[in-house]
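Worksheet: the structure to be examined is printed underneath.
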Amino acid sequence: MPELPEVETIRAGLARHVLDATVVGLDIRRDSALRRQDGGRTEFTDRLLGCHFTAAVRRGKFLWLTLSGADEVAAALVIHLGMSGQLRLGSPPSSHSRIRFDLSFPDGRTEVLDFVDQRTFGYVAVRDLVPTADGLPGGLGSDRPQVPDLAAHIARDLLDPHLDRTDLVHRIRARQTGIKRALLDQELVSGIGNIYADEALWRAGLHYARAAHRLRSAEVNRLLDHASEVMNESLAAGGTTFDELYVNVDGDAGYFARALAVYGRTGANCPRCDTPIVREAFMNRSSFRCPRCQRPPRTRR
DNA sequence: CCCGGATCCTGCTGGC
DNA sequence: TGCCAGCAGGATCCGG
């Protein structure tokens with residue numbers, strides 16, 4: 001399940017391997033992978049063929065390759081991995097490959113880039129770039145103040161040097177909802193998914209249902225520090241690989257799964273106090289927590 | 001406007 | 001052994 005560290009690992013891989021590559025061929029194997037493409041496969045093909053990639057950029061879980069070519073409008077190939085999307089370079093054919101990109105490099109070398117996606121929540125699309133609301137760079141990997149229209153509503157993430165932390169804390173505390181729901185809201189702060197939300201809450205000793213507006217600024221700041229710390233640690237380990245639905249562009253797994261304290265560890269002992277970790281349904285998904293380190297809030301009546 | 005629940009999808013797993 | 005319910009969860013859509 002790619003969250004910020006996994007998407008960033010993939011972005012860095014693309015930045016290393018496909019910049020300056022020209023798209024010389026496309027094999028669209030499943031139309032639904034283009035469901036966010038205006039004009040469908042025709043427009044996708046027309047806008048992409050002959051372009052080359054100029055930068056690999058990321059904001060939260062959104063990834064894009066900026067394009068240079070015949071198109072007069074600034075555009076990018078937007079990639080959202082959903083929950084099982086992968087980008088693979090020079091990998092053997094996969095039955096879950098949705099789009100294949102034939103790339104040609106200035107030195108004459110060729111390579112195939114595959115968008116692989118088992119559970120099909122991911123998508124790719126060529127979209128226009130629009131100015132950022134704050135005039136600051138659109139994401140990690142580019143100095144241009146532009147983002148794809150599709151990602152214009154997505155907030156900056158915790159690894160973004162232009163994130164306004166004071167404003168973020170203020171906006172989280174203005175929410176009439178539980179703290180985990182706020183952490184997962186990509187319009188508040190992007191990049192955090194179920195895994196890193198649970199890990200950050202465990203590190204901070206907070207229950208997922210604690211009311212966001214009842215937390216002190218210092219508590220929210222501490223929680224965000226933990227979230228950014230756990231994601232940086234994961235990034236250093238190449239991300240979290242559970243069930244092989246996440247690998248980097250070279251097909252390698254990440255090693256952070258072994259460092260998780262609570263996520264997916266039902267019945268295992270809390271690393272801090274040895275109490276068995278519990279799993280609970282919350283927001284239509286699983287939440288893992290230590291029942292001792294993360295006590296439920298008293299319900300108001 | 002804000003909040004929260006339902007929904008899309010596929011493949012694997014566990015229970016009977 | 002075979003079948004089927006349940007589970008995994010990104011973002012988005014819609015109703016209250």
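Letters go in sequence order (proteins before strands), and every chain restarts at 1.
- Looking only at distances, no side-chain donor or acceptor of E111(A) sits under 3.5 Å from a matching main-chain atom of D102(A).
- Spacing between atom CG of L4(A) and atom C1' of dA11(C) amounts to 16 Å, rounded to whole angstrom units.
- Counting non-hydrogen atoms under 4.0 angstrom, R279(A) reaches the backbone sugars and phosphates but no base.
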- At under 4.0 Å between heavy atoms, which parts of nucleotides 5-11 of chain B does protein reach? Answer with one letter per nucleotide, 5' to 3': B base, S sugar-phosphate only, - none. SBBBBBS
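- Between D149(A) atom CG and dT12(C) atom P the separation is 11 Å, expressed in whole Å.
- A cation-pi arrangement is not found for R59(A) relative to F62(A), the charged atom failing to lie both closer than 6.0 Å to the ring centre and inside a 45° cone about the ring normal.
- The side chain of H153(A) places an N or O atom within less than 4.0 Å of a non-bridging phosphate oxygen (OP1 or OP2) of dT12(C).
- Between R29(A) and D27(A) there is a salt bridge, since at least one side-chain N of the basic residue sits less than 4.0 Å from a carboxylate O of the acidic one.
- Atom C1' of nucleotide dA11(C) and atom CD1 of I192(A) are separated by 16 Å, given to the nearest angstrom.
- The nearest whole Å value for the distance from the CZ atom in R265(A) to the P atom in dA8(C) is 17 Å.
- A donor-acceptor contact shorter than 3.5 Å links the side chain of S84(A) to the backbone of R119(A).
- The end-to-end axis angle of the helix from dC2(B)-dG16(C) to dC16(B)-dG2(C), rounded to 10 degrees and based on five pairs per end, is 50°.
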- CA sep, side-chain torsions, deciding dist, call: Y123(A), S32(A), side chain to side chain donor-acceptor pair (under 3.5 Å): CA-CA 8 Å; Y123(A) 58 82; S32(A) 66; over 6 Å; no
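- Look at CD1 on I79(A): it is 15 Å from P on dA11(C), rounded to the nearest Å.
- The backbone N or O of W202(A) sits less than 3.5 Å from a side-chain atom of R272(A), completing a donor-acceptor pair.
- Salt-bridge formation is detected for the pair E233(A)/R203(A): a Lys NZ or Arg NE/NH1/NH2 atom is positioned less than 4.0 Å from an Asp or Glu carboxylate oxygen.
- Between I154(A) atom CD1 and dT12(C) atom C1' the separation is 10 Å, expressed in whole Å.
- Within 4.0 Å of S286(A), counting heavy atoms only, lie sugar-phosphate atoms of the nucleic acid but no base atom.
- A distance-only check finds a donor-acceptor pair linking the side chain of R173(A) to the backbone of L215(A) [under 3.5 Å].
- Which of dT12(C), dC3(B), dG4(B) sits closest to the side chain of Y123(A) comes down to dT12(C).
- Side-chain N/O atoms of T66(A) and T54(A) include a donor and acceptor closer than 3.5 Å.
- Close to dT12(C), at under 4.0 Å from its OP1 or OP2, lies a side-chain N or O of R36(A).
- The interatomic distance linking N194(A) (CG) with dA11(C) (C1') rounds to 14 Å, in whole Å.
- Across the protein-nucleic acid pair, L184(A) atom CG and dA11(C) atom P stand 9 Å apart, rounded to whole Å.
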